[in-house]
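Quick caveat, the model's predicted, so the values are computed rather than measured. Letters A, B, ... mirror the listed sequences (proteins, then strands); counts begin at 1.
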Protein chains: 2
Amino acid sequence: MPNRPTLKTVAREAGVSIATASQVMRGSGRISEETRRKVLDAARQVNYVADGRAASMRSGEIREVGLLIHQIANPFNAEVISGVSDLLETEGYLVSVLDSRDDPNRQRRHLEALLRSARGGLLWVPARDTPPDTYSLLATQRVPTVTFLRRGQGQAFDHVGIMNFEATHAATEHLISLGHRHIAFFGGEAPVESRVERIRGYTTALAEHGLPPPLVWPCPDTKAAGLENVLKLRAQHPEITAILCNGDMVALGASLGLQRKGEVPGRDLSIIGFDDVEDASLATPPLTTISVRPYDLGRKLARTLLDRIRDPDLPRSNVLIAAHLIQRETTAPCR
Amino acid sequence: MPNRPTLKTVAREAGVSIATASQVMRGSGRISEETRRKVLDAARQVNYVADGRAASMRSGEIREVGLLIHQIANPFNAEVISGVSDLLETEGYLVSVLDSRDDPNRQRRHLEALLRSARGGLLWVPARDTPPDTYSLLATQRVPTVTFLRRGQGQAFDHVGIMNFEATHAATEHLISLGHRHIAFFGGEAPVESRVERIRGYTTALAEHGLPPPLVWPCPDTKAAGLENVLKLRAQHPEITAILCNGDMVALGASLGLQRKGEVPGRDLSIIGFDDVEDASLATPPLTTISVRPYDLGRKLARTLLDRIRDPDLPRSNVLIAAHLIQRETTAPCR
DNA sequence: TTAAACTGATATAACGTTATACCTTCTGTC
DNA sequence: GACAGAAGGTATAACGTTATATCAGTTTAA
């Protein structure tokens, strides 16, 4: 039973040296058409696939990057990942996607696994409460790194984010223009900047219009939690007529919760989501939400990493993607 | 600016040889407590992380596996991936998840990327119409491989699947016992075995009860497609009173479509899904579906791969996971 | 007292590539 | 026909680990 083919196998089969075989496979150096053909035939013959480990060790070029995020099973994030993969894969990179579940310990383990095996680059959403030594680990390892969605304490890295403040500011003003005066911010728990910025946009808009003080109601970013918590919120604060959500999943959950109680989203409580996941437009009623084109964000992210890999001395970049309100049917004038 | 630390750095820092440093890091060989401490301190000092490429080249043990699936952004598959990752990560493996989008060319590219970089093992759902040379590529590369959900032509590999026939057979009988006589099979397009088996279970049950000939209505496994197609189906075949779906996403889509037209799932058309994704129980009305515990399937899958990696001479295994009907509110007696 | 066994460390080769330098052979020029 | 230069190929070292053999001391056994 033959072992897996290496360059040696190919070279032997083609009757040339290993060095020559290597040059042919990479299309470099001066090689006659005849030799080229012989080597390529031999390679096809034995189903040769280069060993990326050996290649990258010698050449220093690692075509393997990691993507470490706090939650994979979230349609918005899935779209981001899609955008990242599409671009990086056409450039010949292998993308390893890992889920930290927003847990710093789990994140640390993943990070070390990535540093061991996929050290070509890193796309990273820092978990909440990421300790400083995790940042310094990355710094000493000198892996090209781009943070996204959250920057955490990784101020030294490139970053691709969302215009959170502007988005929730505008969304809140929209609710105000519909006559709402008691508006809550609903969802999310961790003190991550993305949420902090969103809350700031919301709070600022309230203040600018001289409305009652902000009410922030935390809960996990899942449908199930949204469903449950919206009822608690309404029981405890019956004056609330509109909620601005930290994400579509809680928003959709809230919409479901309302309907379970026989109420109508929009008419009985205005709801604005954040992300514009596929379900947002498919839900009944379709969800008013803030859209950020996650796929484009992913591509921008990949592009930023590639630039960084190609030139480590580039100035640190900080890209913010615009977000805009999409009005569907869960917002209505206040009654 | 110092470069990334290697064993050499650690050894120099600790005043020992590279060989000794290596032994300490791996906890092998005979090392005095004093030396051990010195090396570990030095390693921590410089933030040392081993280079898995070099290690695996020499030791032959690759702690990196690939998972190649036809659709990542599907809650059922996401759960499977979760189960796989949890088990493999505690065993120190890095799992690279790739999405073939059920396209053989894309799949081929991914496979070659994996063979280049993550050749420790492969978990694989063959794309539809996977050509024979893709199978033989894997065979010559001798990467431990386990197929799941679909076997394709990869008869030589270990496999973890679902009892599809039994599941749809039972589900169809359930519909029949509710009095339905005109039942359609709804969703899925590709001639993959999982769907073929499901259709066979459905067809067999119909035949056993002497019911009208089967009606199979293909459509992509997405909510949007389900929504659209259920209306077409009803327009063209008004006699249908129940549909058995190839997946929850189409089933949920169908449920939405019905409601858009003011009809009530269950009362006006019985719907059974397949997968029991999280949304199935959260939807209104909650979806009757076939559950297969995707997380457990994922763990079983990982376990199978580990066994194969540990002993390449093991007899080929073929595990089938049971599936059972969960009755919620989209099925009702035929009126 | 001396060989044998053990302890704790190290030197070295190897994994499969690629970059570099080098070595032939051929062609053309004067 | 001597020599420069190009064309086409190869030998070799290196990447960062780990497995193996080996070595110098020290202890134990007979």
Side-chain angles (χ1 to χ4, degrees), chain A residues 2-40 42-43 46-64 92 115-120 141-143, chain B residues 2-40 42-43 46-64 92 115-120 141-143:
Chain A
N3 250 330
R4 62 192 326 284
T6 70
L7 261 188
K8 203 160 148 190
T9 324
V10 175
R12 191 187 331 109
E13 202 77 6
V16 299
S17 72
I18 294 182
T20 302
S22 169
Q23 295 198 70
V24 171
M25 294 315 289
R26 280 171 302 125
S28 83
R30 292 166 310 202
I31 301 289
S32 72
E33 188 51 34
E34 191 197 341
T35 317
R36 223 179 70 82
R37 192 143 297 287
K38 274 196 302 187
V39 171
L40 290 180
V46 301
N47 264 337
Y48 172 70
V49 176
D51 186 329
R53 299 169 303 170
S56 68
M57 282 199 65
R58 178 63 236 246
S59 71
E61 199 193 358
I62 312 184
R63 302 192 89 77
E64 194 170 358
L115 289 173
R116 231 186 304 283
S117 306
R119 29 179 61 169
Q141 296 289 325
R142 323 210 157 282
V143 175
Chain B
N3 248 331
R4 60 194 328 283
T6 70
L7 261 188
K8 202 160 148 191
T9 323
V10 175
R12 191 188 331 109
E13 202 78 6
V16 298
S17 72
I18 293 181
T20 302
S22 169
Q23 294 198 68
V24 172
M25 295 315 289
R26 280 172 302 126
S28 82
R30 292 167 311 208
I31 300 288
S32 72
E33 188 51 34
E34 191 197 342
T35 315
R36 222 179 70 82
R37 192 142 297 286
K38 273 195 303 187
V39 172
L40 289 180
V46 301
N47 264 337
Y48 173 70
V49 176
D51 186 329
R53 299 170 303 170
S56 68
M57 282 199 65
R58 179 61 237 248
S59 70
E61 199 192 358
I62 312 183
R63 303 192 89 77
E64 193 169 358
L115 288 173
R116 231 186 303 282
S117 306
R119 28 178 63 169
Q141 296 289 324
R142 327 212 151 280
V143 175

Interatomic spacing from [atom1] in [X] to [atom2] in [Y] - rounded to 0.5 Å:
X	Y	atom1	atom2	result
A/M25	A/I31	CE	CD1	12.0 Å
A/T6	A/I18	OG1	CD1	6.5 Å
B/I62	A/R53	CD1	CZ	4.0 Å

Which of residues 23-36 of chain B sit near DNA chain C, with a heavy atom under 4.0 Å from it?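 Those residues whose heavy atoms fall under 4.0 Å from DNA chain C, taken from residues 23-36 of chain B in numerical order, are B/Q23, B/R30, B/I31, B/S32, B/T35.
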
Side-chain N or O of A/S17 versus OP1/OP2 of D/dG9: is the shortest distance under 4.0 Å?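 No, no such contact exists.
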
C/dG16 phosphate, OP1 or OP2: any side-chain N/O from A/Y48 under 4.0 angstrom?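 It does not, given that no N or O in the side chain of A/Y48 lies less than 4.0 Å from OP1 or OP2 of C/dG16.
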
Should B/E64 and A/E64 count as side-chain neighbours, where that means a heavy-atom distance under 4.5 Å?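 SC-SC contact between B/E64 and A/E64 confirmed.
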
Using side-chain heavy atoms (C-beta onward) and a distance below 4.5 Å, is A/Q23 in contact with A/V39?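 No, side chains not in contact.
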
Would you indicate what B/A19 reaches in the nucleic acid, counting non-hydrogen atoms under 4.0 angstrom: base, sugar-phosphate, or nothing?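 B/A19: base contact, heavy atoms under 4.0 Å.
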
Determine the sole option in A/L40, A/V16, A/V46 for which the side-chain contact (heavy atoms from CB on, under 4.5 Å) test with A/V10 is passed.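 Answer to the side-chain contact (heavy atoms from CB on, under 4.5 Å) test with A/V10 among A/L40, A/V16, A/V46: A/V46.
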
Once you round it to whole Å, what is the distance between [atom2] of [N] and [atom1] of [X]?
X	N	atom1	atom2	answer
B/D51	C/dT17	CG	P	16 Å
B/R116	C/dG16	CZ	P	17 Å
B/M57	C/dT18	CE	P	11 Å
B/R119	C/dC15	CZ	P	15 Å
A/I18	C/dG16	CD1	P	10 Å
B/R4	D/dG16	CZ	C1'	10 Å
B/I62	D/dT17	CD1	C1'	14 Å
B/R37	C/dG8	CZ	P	16 Å

From [options], nucleotide with atom closest to [X] side chain:
X	options	result
B/T20	C/dT18, D/dA11, C/dT10	C/dT10
B/V16	C/dT10, D/dC15, D/dA11	C/dT10
B/T6	C/dT17, D/dT17, D/dG9	D/dT17

C/dT18 base to A/R58 side chain: any donor-acceptor pair below 3.5 Å?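 It does, because a donor-acceptor pair links the side chain of A/R58 to the base of C/dT18 below 3.5 Å.
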
Look at B/R36 together with B/E33 and state whether they make a salt bridge at an N to O cut-off of under 4.0 Å.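 Salt bridge: yes.
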
